[in-house]
Amino acid sequence: TGTTRPIRILQFVQRCAKHGDALSVISAIDSFCSKVEWAMNVGDKKGEILDAIVLETRPRWVLELGTYCGYSTVRIARLLPPGARLVTIEMNPHYAQVAKEVIQHAGLEAQVELLVGSSSILIPQLKKKLDIEKFDLVFIDHWKISYLPDTKLLEECGLLRAGSVLLADNVVCPGAPDYLHYVRNSPQYQSQYYQSYLEYLQVEDGLEKSIFLG
Ligand SMILES: O=C(NC/C=C/[C@H]1O[C@@H](n2cnc(C(F)(F)F)c2)[C@H](O)[C@@H]1O)c1cc([N+](=O)[O-])cc(O)c1O
Ligand SMILES: [Mg+2]
């Protein structure tokens, strides 16, 4: 019974990244996952697109579906204005524990609310649990078959407003065809594809940015 990949990523961060320095945590994970062990982080190339969209959106409330080791959590949280909050949902308790320690190493625990559980249960509880009105930005990077049902759940729970931005990872590889068809054909969304590459590989992938029109 050895360690797990997330544990090995965390150990590398704790050994090589400077405590309180989010950029060093991000580059440590990218270095480990490009040279030692691949892992499903959004990565450095798609990460630059994610950064640009966070900065242009200037969100007060962000939701992330799929924390995993906390790589994109740190990428997003480091760019938030004071007072803004990132709620991230992870259903695997082991991954959530690793992510908690990665986020702490980056010194960003004050900006992040990490919830452990399933989206179908947690999303309907968000308004009362966290006194949230609406999300300004949603980063979707969990199970690809859950992208569409969870987007519909966010609509039904009144957690999106006119102008809310959905940003979905992996719309090419592994792909989320039903989600892509929905946001590209629904009159309620203005959708745009950002071509890039699958993390740490020379394979096409991309992000889809979809603005909810209300
Ligand atoms: O499968 C991929 N990602 C799945 C990601 C899954 C992650 O999202 C969590 N989750 C599941 N439900 C919830 C919620 F929030 F609903 F509770 C959270 C899972 O526990 C896991 O940590 C993937 C695969 C590849 N690839 O190249 O194979 C590349 C990528 O970038 C990927 O994201
Ligand atoms: Mg992904």
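Note that ligands are numbered from 1 as they come in the structure, with each ligand's atoms numbered from 1 the same way. Remember, it's a predicted structure, so these values are computed and weren't measured experimentally. Because only heavy atoms are used, hydrogens play no part in the values below, and waters and symmetry mates are left out as well, while side chains stay in.
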Strictly distance-based, threshold 3.5 Å: is any side-chain N or O of [X] a donor or acceptor partner for the main-chain N or O of [Y]?
X      : Y      : answer
Asp136 : Trp61  : yes
Asn92  : His94  : yes
Glu90  : Tyr68  : yes
Ser186 : Val183 : no
Lys209 : Ile53  : no

Item to check | Non-neighbouring partners of Glu37 that pass salt bridge (charged side-chain N to carboxylate O under 4.0 Å, His left out), sequence neighbours left out | outcome: Arg5, Arg8
Would you find more than 12 non-hydrogen atoms of other residues, nucleotides or ligands less than 6.0 Å from [X] atom [atom1]?
X      : atom1 : answer
His181 : NE2   : no
Leu55  : CG    : yes
Tyr197 : OH    : no

Taking [atom] as the reference point, the nearest protein heavy atom with its distance:
atom                    : answer
atom 5 (C) of ligand 1  : Asp141 O, 3.6 Å
atom 16 (F) of ligand 1 : Ser119 OG, 2.8 Å
atom 11 (C) of ligand 1 : Trp143 NE1, 3.1 Å
atom 10 (N) of ligand 1 : His142 CB, 3.8 Å

Item to check | Protein N, O or S within less than 2.8 Å of the Mg ion (ligand 2), waters excluded | outcome: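 Counting only protein N, O or S atoms under 2.8 Å from the Mg ion (ligand 2), the list reads Asp141 OD1, Asp169 OD2, Asn170 OD1.
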Do any nitrogen or oxygen atoms of [X] lie less than 3.5 angstrom from nitrogen or oxygen atoms of ligand 1?
X      : result
Lys144 : yes
Trp38  : no
Glu199 : yes

Item to check | Residue pair Leu153 / Ser120: nearest heavy atoms and the distance that separates them | outcome: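 Closest heavy-atom pair between Leu153 and Ser120: CD2-CA, 3.8 Å.
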Next on the checklist: Salt bridge or not between Glu113 and Arg85? Use side-chain N to carboxylate O under 4.0 Å.
Outcome noted: yes
Item to check | Charged tip of Lys152 within 45° of Tyr147 ring normal and under 6.0 Å | outcome: no
Checklist entry - So, is the end of the Arg184 side chain (NZ or CZ) under 6.0 Å from the ring centre of Tyr193 and within 45° of the ring's axis? => result yes
Checklist entry - Quick one: does ligand 1 sit under 4.0 Å from the side chain of Leu198, the backbone, both or neither, non-hydrogen atoms only? => result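 The side chain, only.
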Checklist outcome for this item: Within the 4.0 Å heavy-atom cut-off, what Val42 brings close to ligand 1 is neither
Next on the checklist: Check for me whether Gly117 has a heavy atom closer than 4.0 Å to any atom of ligand 1.
Outcome noted: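 For ligand 1, residue contact (heavy atoms, under 4.0 Å) with Gly117 is present.
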Next on the checklist: With a 4.0 Å cut-off on heavy atoms, is Ser118 in contact with ligand 1?
Outcome noted: yes
Report, in ascending order of atom number, the atoms of ligand 1 lying under 4.0 Å from any heavy atom of [X].
X      : value
Pro174 : 24 (C), 25 (C), 26 (N), 28 (O), 29 (C)
Tyr68  : 22 (O)
Asp169 : 31 (O)
Asn92  : 20 (O)

Checklist entry - Which option, Met40, Glu90, Met91, owns the non-hydrogen atom nearest atom 9 (C) of ligand 1? => result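 Checking each option, the heavy atom nearest atom 9 (C) of ligand 1 is found in Glu90.
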Checklist entry - Hey, looking at atom 32 (C) of ligand 1, which of Leu201, Leu63, Asn170, Ile89 has the closest heavy atom? => result Asn170
Next on the checklist: As a test of understanding, state which of Asp169, Asp150, Thr67 forms a side chain to side chain donor-acceptor pair (under 3.5 Å) with His142.
Outcome noted: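 So the option named by the test is Asp150.
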